[in-house]
Protein chains: 2
Amino acid sequence: MALFVSTFVNKVDRKGRVSVPAPFRAALSNQMPQGIVVFPSFTAAAIEGCGNDFLEQLATSTTAAFDLFSPEQDDLNTLIFSSSHQLAWDPEGRVMLPEEILAHANITEQAAFVGKGRTFQIWEPQALKSHTEEARKRALQNRPQIALRTPEVK
Amino acid sequence: MALFVSTFVNKVDRKGRVSVPAPFRAALSNQMPQGIVVFPSFTAAAIEGCGNDFLEQLATSTTAAFDLFSPEQDDLNTLIFSSSHQLAWDPEGRVMLPEEILAHANITEQAAFVGKGRTFQIWEPQALKSHTEEARKRALQNRPQIALRTPEVK
DNA sequence: TGAGATTCCATTGACGCCCATGTTTTCCCA
DNA sequence: TGGGAAAACATGGGCGTCAATGGAATCTCA
């Protein structure tokens, strides 16, 4: 399954096009249709992104493991599907981010693609910087607890 | 699984390329894609290094669907994924260390690859020397405790 | 017939691949 | 056991390819 790693800052041109980083495209190369799925983050001024398979999985887990999910979780899944956009990239690997999505993340000139493992996010570079700084502080504060939860490499 | 042992100091050429020590490459020979994963250490002016399997495991261990809605819990994972780089080595076994990563470890001319068991680190040789010295002092100070925790040889 | 969207083409710069060289280690055989 | 051949590894540089980006041309729908 797709793995999104690293951070890439790409330019948004006058027409609103952005290149999806080549490694991200490669990670999704086996998917149909060719493209990405985006929806506004519920917790931050950012865009959540993933492959089609992630939505597939979300749909499956909602129905199959119904009991495991709280009603709130189910509501969130509904929100995700309704606010998602499937974006196909053009022959050069660029997508057009919808107006409302851009506005939600305050993106104008540049877009930072941030790998998060099975998913990724798209940020306005400056906003990402301050957000990362806070996350780093929190992580260092919680370091003892978090360290315990880091998967052991076998 | 991969095991990284010993220390190797290699040159960083004008293009920013460094040879990954042959024993380290051999330890990762069964992985796909062929290369290493690096990210800045959170506690030292050094680079953390590992194989792809480390990230795979990190991604798998966190149930993807839940992470989107619990910001505090996956701070560390997010930091790792976003600041990591997958570096494939060329036919000669060299990788290009990204600018930001080099800066974090103050590496310019030489890079010291330090085996740490399941992972490894990359240091600026002088910084490694002083760091090792301090580690030695601490270890001697804590010697009684450490001795007690050393597994018994049967 | 315009405005927006999609496809196509051109440019530039970075990165990956290839070949060459020097040095060290290993191996083989006299 | 010593010397020479061969392999493995680290290193340097040239060059082709591809990704990111900008803009023009074509298309489509109101």
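Predicted model, so just to flag it, every value in this text is computed and none were measured. Sequence lines set the chain letters: A, B, ... in the order given, protein chains first and strands last, and positions in each chain run from 1.
- Residues A:Ile122 and A:Val38 approach most closely at CD1-CG1, 4.4 Å, considering heavy atoms.
- When heavy atoms are screened at a 4.0 angstrom cut-off, B:Val9 is found touching no nucleic acid atom at all.
- Note on ring orientation: taking the six-membered ring where Trp is involved, the planes of A:Phe24 and A:Phe120 are tilted (angle from 30° to 60°).
- Spacing between atom CZ of B:Phe24 and atom P of D:dA10 amounts to 11 Å, rounded to whole angstrom units.
- In this structure, the CG atom of B:Leu97 is 13 Å from the P atom of D:dT11, given to the nearest Å.
- Here the side chain of A:Pro91 is nearest to one of C:dT7, C:dC18, D:dG22, namely C:dT7.
- In this structure, the CZ atom of B:Phe8 is 12 Å from the P atom of D:dT11, given to the nearest Å.
- The CG-C1' distance, from A:Asp13 to D:dA24, rounds to 13 Å in whole Å.
- With hydrogens and angles ignored, no donor-acceptor pair closer than 3.5 Å exists between the side chain of A:Glu92 and the base of D:dC18.
- Centroid-to-centroid, the aromatic rings of A:Phe8 and A:Phe113 stay 6.0 Å apart or farther.
- Taking only side-chain atoms of B:Lys15, from C-beta outward, the nucleotide of D:dG13, C:dC18, D:dG23 with the closest atom is D:dG13.
- Between the CG atom of B:Asp90 and the C1' atom of C:dC19 there is a distance of 12 Å, rounded to whole Å.
- Atom-to-atom, CD of A:Glu109 to C1' of D:dG22 comes out at 15 Å; the value is rounded to the nearest Å.
- Distance CD (B:Gln34) to C1' (C:dC17): 16 Å, rounded to an integer number of Å.
- B:Val20 and B:Arg25 get closest at one heavy-atom pair: O-NH1, 2.6 Å.
- Side-chain nitrogen and oxygen atoms of A:Arg14 include none within less than 4.0 Å of the OP1 or OP2 phosphate oxygen of D:dG22.
- Ranking C:dT6, D:dG22, D:dG13 by closeness to the A:Arg94 side chain, first place goes to D:dG22.
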Exercise. What's the verdict on side chain to side chain contact (heavy atoms under 4.5 Å, CB included) for A:Arg138 and A:Glu134, showing C-alpha distance, side-chain angles and the deciding distance?
Worked result: CA-CA 6 Å; A:Arg138 278 201 305 271; A:Glu134 287 178 25; 4.2 Å; yes
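- The separation between A:Trp89 atom CH2 and D:dA20 atom P is 11 Å, rounded to whole Å.
- An OP1 or OP2 oxygen of C:dT7 is reached within less than 4.0 angstrom by no side-chain nitrogen or oxygen of A:Arg17.
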